[in-house]
Amino acid sequence: MSESFGKGCHLHLIDGSAFIFRAFHALPPLTRKSDGLPVGAVQGFCDMLRRYIGKDHGDFAPTHIAVIFDKGSHTFRNDLYDQYKANRDEMPEDMRPQIPLTRRATEAFNIACKEVEGYEADDIIATLACQAREAGGQVTIVSSDKDLMQLVGNGVEMFDAMKNRRIDREAVEEKFGVAPERVVDVQALAGDSVDNVPGAPGIGVKTAALLINEFGTLEELLDRAEEIKQPKRRQTLIEKREQIELSKRLVLLDAHTPLDFTLDDLELRDPDPETLLGFLSEMEFRSLSKRVAEQLGAEAPVIPETSPDTAAPASDDATPEQLPFKPDDYICIRDVETLETWIGQARNRGWVAVDTETTGLNEMTADLVGVSLCVEAGSAAYIPLSHRAQGDGDLFGPGDLLPEQVSMQAALAMLKDLFEDPSVIKIGQNMKYDAKILARNGIEIAPIDDTMLMSYALNGGEHGHGMDVLSERYLSHQPIPIKDVIGTGKSQITFDLVPIADATKYAAEDADITLRLWELFKPQLHRAHVTRVYERMERPLVPVLAQMEMSGIKVDRDTLSRMSSAFSQTMAGLEAEIHELAGETFNVGSPAQVGEILFERMGLEGGKKGKNGKYSTPADVLEDLATVHDLPARILDYRQVQKLKSTYTDALQEHINPVTGRVHTSYSIAGANTGRLASTEPNLQNIPVRTEEGRRIREAFVADEGKVLVSLDYSQIELRILAHIAGIDALKEAFREGQDIHAATASEMFGVPLDEMTPEVRRQAKAINFGVIYGISGFGLARNLRIPRADAQGFIDRYFERFPGIKAYMDETTGFAKEHGRVETLFGRVIHTPEINARGPRAGFARRAAINAPIQGTAADVIRRAMVRMPGAIERFGTKAMMLLQVHDELLFEVDADVAEDLIGVAREVMEGAADPVVQLSVPLVVEAGQGPNWAAAH
DNA sequence: GACATCACG
DNA sequence: GACGTACGTGATGTCC
């Protein structure tokens with residue numbers, strides 16, 4: 001038996017969480033070969049422990065050692081302040097299953113592994129450090145966390161294992177500007193954005209240290225705050241006293257954590273080679289076991305290579321060994337016992353691929369028919385829930401529910417447990433669809449992964465991201481076409497009428513494919529450096545958009561209906577007039593016939609033929625012709641009304657959901673190459689606004705009784721981003737000063753003072769500004785402005801001369817695209833440009849798209865980030881505020897009238913700050929807001 | 001299903 | 001020197 005802890009002893013306390021996070025982020029994602037379990041962080045953790053105990057610590061050699069972990073997410077600090085650590089990101093899903101394994105690893109190393117429910121590791125470390133100090137021993141805290149620096153001094157030091165550097169009194173003083181004893185005072189004032197400790201607004205570490213050094217302690221400072229000379233600072237300290245005192249309680253470590261062990265329990269023990277090597281073998285760490293064995297003077301264990309038939313295809317090598325698809329092996333789950341088994345398997349794994357089958361494609365109206373699951377490549381099952389008889393003379397009449405299906409209610413209850421289990425990742429292809437179907441059945445599926453969005457992050461611009469494309473491209477497997485199952489055209493049936501045996505093959509295959517794609521894509525995300533893009537801007541959008549789509553927007557049918565009738569009359573009148581002018585009757589809605597009339601019968605000049613050999617009659621051509629004849633003008637009028645009627649007043653009514661009385665669009669997250677969303681069925685991102693007549697359509701988009709619609713939109717976001725990316729000082733300055741940007745551009749280009757600016761000159765500058773974003777050409781600008789091409793080219797030359805950064809940006813961007821086959825947004829979104837090295841006209845398109853993509857894409861990223869943060873920010877309004885629509889640079893909300901102004905304040909802050917903290921824009925983002933009873937009034 | 005047209009940012 | 005020509009979308013109607 002050894003003596004108890006005291007003088008001459010040296011306790012080393014390792015901050016376990018810090019080790020895990022370091023290990024996780026320092027290493028590429030690694031999975032255990034035999035079953036795909038993520039173990040990268042465990043391996044890193046073990047290696048860090050190995051190196052630590054094998055290290056020559058000189059005078060600081062440990063006699064006692066422990067690894068300290070956090071336990072439970074709720075601590076006394078959450079009771080003090082509910083926002084404590086509230087803006088922490090969720091733990092990456094790959095990391096979660098590795099936490100218990102690191103505890104096992106610690107034990108395998110024969111190192112004490114300690115945690116106390118409801119206490120942070122920091123508090124336990126503080127308690128042990130104090131006990132050791134009082135007993136006369138020395139302490140080394142293995143961490144570089146600044147929150148622990150308050151403990152340094154009197155025999156306690158820290159050690160930064162990454163930098164291999166000891167942190168003593170002097171080092172702490174250097175960092176905080178005060179002695180370790182006063183570090184908490186400085187932290188209380190400066191606050192901490194990582195832990196969400198509020199502190200004193202406007203006071204950072206520097207100022208805090210200055211104040212503490214002047215007054216001695218925080219308490220003294222607060223008592224004598226009146227003496228501070230700077231008025232702003234004085235006011236802050238007086239007004240925010242409570243908040244500062246709270247902050248101190250949050251940062252002050254609790255050295256009185258109740259412990260069920262003593263310092264003596266932490267005595268250094270040699271690892272038992274058998275136990276440790278056994279654990280490392282189990283984890284299949286080959287080279288690490290070898291190194292450990294060497295260190296211990298033991299024999300390295302032999303770890304068998306996994307046999308191919310049990311190996312998960314976790315590698316993404318060019319030709320991974322591919323398990324064949326065997327549709328006959330798929331299981332049909334017809335009783336709760338079997339379902340229970342499958343759910344158990346999913347729980348054991350920690351993940352499961354999921355697919356829902358329904359009666360239609362519209363998530364708001366389709367009914368759930370069945371669910372498929374896949375836990376391992378090749379091993380998938382389908383759970384039929386509401387399949388019905390086709391009625392071809394069987395025992396069951398047409399439409400009868402078929403027997404031997406798990407009851408909807410029972411299955412949903414069991415699946416709800418699994419789908420809402422935070423420790424099981426649910427993997428889907430286009431999860432928003434399944435999430436909405438399940439939400440309508442009372443299940444809030446989470447956490448999720450989405451193979452469509454993974455592909456979008458990885459392969460954006462290369463190809464589409466539908467299951468068929470991905471399966472053929474990455475698994476060399478053509479999935480069963482849906483039309484083989486439900487047919488096409490008139491004889492098409494709904495999925496509930498598909499025989500269960502056929503449905504099983506189809507549905508289980510989809511889940512199987514999804515799981516295989518996930519295993520393939522998951523490790524690629526890190527390698528392609530798009531993990532953050534996927535985790536911050538694609539995946540979290542799924543629940544946000546699902547909610548928006550399910551909310552829908554109220555559309556007044558009567559308004560649309562009345563407008564539609566009026567349009568009919570107008571069109572009839574115009575049609576008669578057009579026939580009169582043409583001298584014959586023809587289909588005004590047929591561009592081919594219009595071209596024929598204008599350019600053949602009437603002999604007007606300027607007819608150009610399109611690729612189908614017909615005359616082309618787009619609006620700009622007709623506008624030019626309108627100066628010489630009335631007919632083209634009337635045709636334009638007709639087309640405008642026809643568009644408004646068919647696409648808006650008529651079609652929109654068809655989209656009013658009979659149950660909710662509202663219109664529910666659907667957003668494609670992975671549709672647009674640049675990162676923009678796209679709105680379909682109906683498209684609510686192209687509701688008219690530019691003309692007075694069109695804008696009236698927006699009057700039919702209304703708020704419910706007692707509510708208002710609130711619209712917030714980014715002002716000139718793309719030009720601001722261009723100014724930032726290309727580093728155009730003159731434009732940045734104009735934005736910072738809040739100037740009219742087009743007028744400022746014109747002034748800079750033509751030397752006209754702002755107060756002498758004419759609308760015409762400003763209009764030209766505006767066209768150039770937009771042209772630049774689109775990868776301008778002299779021809780295009782000339783056509784847009786209807787000026788001679790040479791003049792347009794002159795403008796562009798002048799623009800490049802005045803803003804040389806723009807030209808440089810364009811050249812650098814195309815150069816980058818040609819070299820790498822891709823461009824990137826400021827937030828790291830990758831947009832591939834496969835055509836950039838093509839020849840012919842396609843090269844021009846690709847070049848302009850490459851120039852535009854980082855600008856449009858960065859703007860898309862910004863609003864995505866705002867949308868992801870929005871639900872948390874507006875949570876305080878409860879059901880009083882709902883986010884309904886996104887229109888690229890605009891967010892539309894429906895809000896109780898009494899909180900509309902508050903909502904505007906909150907939402908504006910989120911939107912204007914959406915780039916932070918990843919990107920520091922050198923121009924401000926400005927959001928304009930409006931509100932009213934309908935969308936026209938809110939804009 | 002291709003094409004033309006036009007609605008939006 | 002010719003070629004085509006502003007970026008990104010979705011819906012509707014005609015016509016084959």
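Sequence lines set the chain letters: A, B, ... in the order given, protein chains first and strands last, and positions in each chain run from 1. Being a predicted model, the structure only gives us computed values, none of them experimental.
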Next item on the list: Would you jot down, in residue-number order, the residues of residues 622-648 of chain A having a non-hydrogen atom under 4.0 Å from DNA chain C?
Entry: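 Under 4.0 Å from DNA chain C: A:Gln642, A:Lys643, A:Ser646, A:Thr647.
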Next item on the list: Mind running a 4.0 Å heavy-atom check of residues 784-796 of chain A against DNA chain C and sending the residues that fall below it, in number order?
Entry: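 A:Asn784, A:Arg789, in order of number.
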Among the nucleotides [options], which one has an atom lying closest to any side-chain atom of [X]?
{"X": "A:Thr680", "options": "C:dT9, C:dA11, C:dG8", "value": "C:dA11"}
{"X": "A:Ser777", "options": "C:dT5, C:dT9, B:dG9", "value": "C:dT5"}
{"X": "A:Arg783", "options": "C:dA11, C:dT12, C:dA6", "value": "C:dA6"}

Can you give me every donor-acceptor pair (side chain of residues 782-795 of chain A, partner residue at least two apart or in another chain, under 3.5 Å) with its distance?
unit_1, atom_1, unit_2, atom_2, d
A:Arg786, NH1, A:Asp624, OD1, 2.2
A:Arg786, NH2, A:Glu623, OE1, 3.0
A:Gln793, NE2, A:Asp797, OD1, 3.2

I need the [atom1]-[atom2] distance between [X] and [N], as an integer number of Å.
{"X": "A:Leu652", "N": "C:dG10", "atom1": "CG", "atom2": "C1'", "answer": "13 Å"}
{"X": "A:Tyr799", "N": "C:dA6", "atom1": "OH", "atom2": "P", "answer": "18 Å"}
{"X": "A:Tyr774", "N": "C:dG4", "atom1": "OH", "atom2": "C1'", "answer": "20 Å"}
{"X": "A:Glu718", "N": "C:dA6", "atom1": "CD", "atom2": "P", "answer": "17 Å"}

Going by ring pair (Phe, Tyr, Trp, His ring centres under 6.0 Å), name the residues that satisfy it together with [X], two or more places apart in sequence or in a different chain.
{"X": "A:Tyr615", "value": "A:Phe599"}
{"X": "A:Tyr638", "value": "none"}
{"X": "A:Phe779", "value": "none"}

Note to self: With a 4.0 Å cutoff (strictly under), does any side-chain N or O of A:Arg690 reach OP1 or OP2 of B:dA7?
What the structure shows: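 Result: no.
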Margin query: When you measure from the side-chain N and O atoms of A:Asn686 to the phosphate of C:dA11, is any distance below 4.0 Å, counting only OP1 and OP2?
Written below: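 Indeed not, no polar side-chain atom of A:Asn686 lies that close.
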Next item on the list: Would you mind reporting whether A:Leu453 and A:Val542 have side-chain heavy atoms less than 4.5 Å apart?
Entry: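 A:Val542 vs A:Leu453: side chains touch.
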Check: Hey, can you pull the residues of residues 841-870 of chain A with a non-hydrogen atom under 4.0 angstrom from DNA chain B?
Finding: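 Under 4.0 Å from DNA chain B: A:Gln856.
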Pull out every protein N or O sitting under 3.5 Å from an N or O of nucleotides 1-4 of chain B, one pair per line with the distance.
unit_1, atom_1, unit_2, atom_2, d
B:dA4, OP1, A:Lys611, N, 3.1

Item checked: side chain to side chain contact (heavy atoms under 4.5 Å, CB included) assessment of A:Glu549 paired with A:Lys432 -> CA-CA 10 Å; A:Glu549 294 169 15; A:Lys432 180 157 65 66; 2.8 Å; yes
So that I can tick it off, tell me whether [Y] and [X] are bridged by a salt bridge, with the cut-off set at under 4.0 angstrom between side-chain N and carboxylate O.
{"X": "A:Arg662", "Y": "A:Glu894", "answer": "yes"}
{"X": "A:Lys807", "Y": "A:Asp811", "answer": "yes"}
{"X": "A:Glu584", "Y": "A:Arg601", "answer": "yes"}
{"X": "A:Asp740", "Y": "A:Arg762", "answer": "yes"}
{"X": "A:Glu824", "Y": "A:Arg829", "answer": "no"}
{"X": "A:Asp861", "Y": "A:Arg864", "answer": "no"}

Notebook entry, point to check: So which heavy atom on A:Arg676 is nearest to which on A:Glu718, and how close?
Noted result: NH2-OE2, 3.4 Å
Side-chain donor-acceptor pairs of residues 843-853 of chain A under 3.5 Å, sequence neighbours excluded:
unit_1, atom_1, unit_2, atom_2, d
A:Asn852, OD1, A:Gln856, NE2, 3.3
A:Asn852, ND2, A:Ile773, O, 3.1

Checklist line | Intra- and interstrand pairs of DNA chain C - dot-bracket, Watson-Crick/G-U under 3.5 Å, | marks other strand | finding: ......|||||||||.
Check: For A:Val641, what residues pass the side chain to side chain contact (heavy atoms under 4.5 Å, CB included) criterion, not counting sequence neighbours?
Finding: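 Per chain and number, A:Val641 pairs via side chain to side chain contact (heavy atoms under 4.5 Å, CB included) with A:Phe567, A:Thr570, A:Met571, A:Leu574.
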Margin query: Run the side chain to side chain contact (heavy atoms under 4.5 Å, CB included) test against A:Glu801 and tell me which residues pass, sequence neighbours left out.
Written below: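 For A:Glu801 there are no side chain to side chain contact (heavy atoms under 4.5 Å, CB included) partners, ignoring immediate neighbours.
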Next item on the list: Look at the side chain of A:Ser590 against the base of C:dT14 and say whether a donor-acceptor pair falls under 3.5 Å; ignore hydrogens and angles.
Entry: no
Please work out if [X] contacts a base, only the sugar-phosphate, or nothing of the nucleic acid, heavy-atom cut-off 4.0 Å.
{"X": "A:Gln593", "result": "sugar-phosphate"}
{"X": "A:Val772", "result": "nothing"}
{"X": "A:Glu681", "result": "sugar-phosphate"}

Notebook entry, point to check: If only atom types and distance count, is the side chain of A:Arg865 paired as donor or acceptor with the main-chain N or O of A:Ala914 below 3.5 Å?
Noted result: yes
Note to self: Measuring only the P atom in each nucleotide, how far is C:dC3 from B:dA7? A whole number of Å is fine.
What the structure shows: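 About 32 Å, rounded to a whole number of Å.
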Next item on the list: Rounded to whole angstrom, note down the P distance from C:dG4 over to B:dC3.
Entry: 16 Å
